Protein chains: 2
Amino acid sequence: MPAISRPTSKDVAQEAGVSQSTVSLVLGGKWSGRVSPATARGVRDAAERLGYRPNQAARNLRLGTTRTVLLMVPTLSAPFFGPVYTGAARVAARHGFGVVVSTWPDDAQGPADSPFGSAEAIDGVLASSMAVDALGRFPGTPAVMLDSGPDVRPGAPVPTVDFGVADGMRAIAGHLAGLGHRRFGHVAAAVDQWTFHARAEALARTVAALPGGVLTRDTCAIDVTSAKDAALRLLSAPDPPTALVCDDDLIAAGAYKAARALGLDVPADLSVTGFDDVLLATALEPELTTVRLPAEELGARGMTALLDLLAGRRPAARVLPGELIARASTAPPRAATKGV
Amino acid sequence: MPAISRPTSKDVAQEAGVSQSTVSLVLGGKWSGRVSPATARGVRDAAERLGYRPNQAARNLRLGTTRTVLLMVPTLSAPFFGPVYTGAARVAARHGFGVVVSTWPDDAQGPADSPFGSAEAIDGVLASSMAVDALGRFPGTPAVMLDSGPDVRPGAPVPTVDFGVADGMRAIAGHLAGLGHRRFGHVAAAVDQWTFHARAEALARTVAALPGGVLTRDTCAIDVTSAKDAALRLLSAPDPPTALVCDDDLIAAGAYKAARALGLDVPADLSVTGFDDVLLATALEPELTTVRLPAEELGARGMTALLDLLAGRRPAARVLPGELIARASTAPPRAATKGV
DNA sequence: CTGTTAGCGCATTCAC
DNA sequence: GTGAATGCGCTAACAG
């Protein structure tokens, strides 16, 4: 006795008194002029009556495609990835594709990490903010890397879409320098991702090129408490920085807290900048000067590239510029104001 | 001439000079005492050489299970769902299951909304923060509803896991009342979800039961600007509230902004409370009094319930208590302090 | 217009 | 110990 197995197209065919292929045609929506309206109607009714739902696994096997792509992100707890998904899903939907998300390395550091890799049947993968070798889980699967830096490996590189973080960081430093700042503190994220390395390097170069420019640096995890501590260390140095350049908006929130703990006013006594322009940036007081990264466009462009790849085209690498958003957390340093 | 089709187990068999079933046994890890070590080794080598990856669609079809469940959430842009995923993925991994995420209604409001519903082959669905009829997309699929309120439909209801939001709201109101507040303003989320209806009702009842209690109410979208406007309206009334109870931490951030715009100090002139206890709560200044909702545990319990369901057991509905986290955004009202 | 047939790639019986 | 045969549910040729 079979258990509560779901009805198959065969069952529908039997119920409707037709053959399986007719069912497939009707339910597949391609019966124009091939099946009589009456029969089609009967098939639909039978399917409805039985509560028939096609078996996706069988469909996928037969078709050789799932019209589904996987978006791999390092974590879902960072607000940054929501828009990336939205952008990707939007263009995917336009092409009849679906998007599912998964995290890697697994948010779930359970003892029994999935033994067989991903059980997903997918047509391609979009990997955001991770090293290229993350694709090792999906050898042979068409892939596009997002926010992971250019693929420098020889041979056939994976297409990439990145932000112009170096330019963004230069814009921040230029903005601050224009305000009169010379002593910068970099509150850097202690995260081994391309984007943070690129930010650090761009800032270092820019400050080095600035006459009288001085840069100190401390690192922290991307959370408020850790960021506050790092900012505190930077600010406690003799001859402390007049501007704190933070790798992330959340880190900037920690810098705010450090400033308050030391009785410093932002921006009068200390300028603070963030990066990413997430919701938090305008929730803070004063509102944060930061670099807006077009996260949704990253997802959209990435998906476009992946669909191109699936269609046999080779998309070119792309860089999406960031945009400096000057708000209320930056101002001329006290010394400079005094000096003028 | 076939294109770049991936190698199949048949190819591996040929390469290794054995039969398909031997390949399946070896790669499936169940060859103990059925295949000679030498043969097994040969198979592994051949698979490696060819870069063989089993076809998941075929595997899923044959096995009748995908060991994958879908987590459906309304949006990925809200910080709340990251932990839910983490909790769900953790217990899923422990049972050899994977979790993929999808949003619904689609974040991607593209013109061509996915015509065939989800193309995913899944064993079950975990639906968070949505109405029961969202499950209409997956009729017959085992499902558990999260943070969606009890399933009041007769018959075989869907198992649910919820937060004790009513108790949480009562705790907030009680805390504020204990501080001496009597005039409350509810900055409510204009979102048609069970959790917000429950919050509104609990607050209304509690204030109504409070001698001298007065409640005004305004609604907004869950974003800073909209929340600020709503708070401003509440605060501009004659005889304004001394405490603003916000439906969400982000809304509380908007309330902070409204207070500052009116020259009111939080908490001296105005107490503000949030809900959820997301990262933002401690990024704000002063840190926010709020109710912590165990989001990760919601995911974990939900997945446990779903796995029970898949195993043929019927999990009981569960309610996870919230916890009042009193921080620096609440204090006695001026009038009360003066009165003492 | 409709039914019959074949096979997608895999895991699993059952012979040998 | 290993190979041949079978069928999961579906779609797309091809007959009729």
Side-chain angles (χ1 to χ4, degrees), chain A residues 2-3 5-44 46-47 50-67 116-117 119-123 140, chain B residues 2-3 5-44 46-47 50-67 116-117 119-123 140:
Chain A
S5 62
R6 298 204 332 199
T8 71
S9 68
K10 194 173 169 184
D11 297 329
V12 176
Q14 195 164 1
E15 172 82 10
V18 298
S19 82
Q20 228 182 110
S21 60
T22 305
V23 173
S24 179
L25 280 181
V26 173
L27 266 32
K30 37 188 87 167
W31 54 284
S32 58
R34 301 168 52 87
V35 175
S36 76
T39 312
R41 182 175 188 72
V43 170
R44 282 182 206 286
L50 264 39
Y52 170 72
R53 301 247 54 189
N55 178 319
Q56 291 297 344
R59 191 186 170 85
N60 292 342
L61 175 59
R62 186 58 176 87
L63 263 16
T65 173
T66 58
R67 296 195 84 75
F116 287 100
E120 266 327 284
I122 52 168
D123 288 345
Chain B
S5 62
R6 297 208 327 202
T8 70
S9 67
K10 194 173 168 182
D11 297 327
V12 176
Q14 196 164 1
E15 172 83 8
V18 298
S19 83
Q20 224 181 112
S21 58
T22 305
V23 172
S24 181
L25 281 180
V26 173
L27 267 32
K30 37 188 88 167
W31 53 283
S32 59
R34 300 168 54 86
V35 176
S36 74
T39 312
R41 183 174 188 73
V43 170
R44 281 182 208 285
L50 265 39
Y52 170 73
R53 301 246 55 188
N55 178 318
Q56 291 298 343
R59 192 185 168 83
N60 292 343
L61 174 58
R62 184 59 174 86
L63 263 17
T65 172
T66 59
R67 296 195 85 74
F116 286 101
E120 266 326 283
I122 52 168
D123 288 345

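The sequence lines fix the lettering, A, B, ..., with proteins before strands; numbering per chain opens at 1. Small disclaimer: the values here were computed from a predicted structure and weren't measured.
- Within 4.0 Å (heavy atoms only), B:V23 reaches no atom of the nucleic acid at all.
- Here the OG-CZ distance, from A:S24 to A:R59, works out to 8.0 Å after rounding to the nearest 0.5 Å.
- Rounded to the nearest 0.5 Å, atoms CG (B:N55) and CG (A:L61) are 6.0 Å apart.
- Among A:V43, A:V18, A:V12, the single residue meeting the side chain to side chain contact (heavy atoms under 4.5 Å, CB included) criterion with A:V26 is A:V43.
- When DNA chain D is scanned in the 5' to 3' direction for atoms under 4.0 Å from non-hydrogen atoms of chain A, the outermost contacting nucleotides are D:dG9 to D:dA12.
- Here the P atom of nucleotide C:dC10 and the CZ atom of B:R67 are 19 Å apart, to the nearest Å.
- Contact check for B:T39 versus B:W31: no side-chain heavy atoms found under the 4.5 Å cut-off.
- Of the residues in residues 35-44 of chain A, those with a non-hydrogen atom less than 4.0 angstrom from any atom of DNA chain C are A:V35, A:S36, A:T39.
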Atom pairs, N/O to N/O, protein against nucleotides 7-9 of chain C, distance under 3.5 Å?
{"unit_1": "C:dG7", "atom_1": "N2", "unit_2": "A:R62", "atom_2": "NE", "d": "2.5"}

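- Distance check: A:Q20 CD to A:D11 CG gives 9.0 Å after rounding to the nearest 0.5 Å.
- Nearest approach of B:P7 to B:G51, heavy atoms of both residues: CG-O, 4.1 Å.
- In this structure, B:L25 and A:R34 both approach DNA chain D, and ranking their closest nucleotides by distance from the 5' end singles out B:L25.
- The base of C:dG3 is not paired with the side chain of A:T22 by any donor and acceptor separated by under 3.5 Å.
- The heavy-atom pair separating B:A16 from B:A46 by the smallest distance is CB-CB, 3.7 Å.
- Looking at every heavy atom in both residues, B:R53 comes nearest to B:R6 through O-NH2, 3.4 Å.
- B:N60 and B:T66 form no side-chain donor-acceptor contact under 3.5 Å, judged by distance and modelled atom types alone.
- Rounded to the nearest 0.5 Å, atoms OG (A:S19) and CG (A:L25) are 8.0 Å apart.
- Side-chain N/O atoms of A:S19 include none lying less than 4.0 angstrom from OP1 or OP2 on C:dT2.
- In this model, the phosphate group of C:dT12 is approached by a side-chain N or O of B:K30 to a distance below 4.0 Å at OP1 or OP2.
- For B:L27 against B:Y52, the heavy-atom pair with the smallest separation is CD2-CE2, 3.5 Å.
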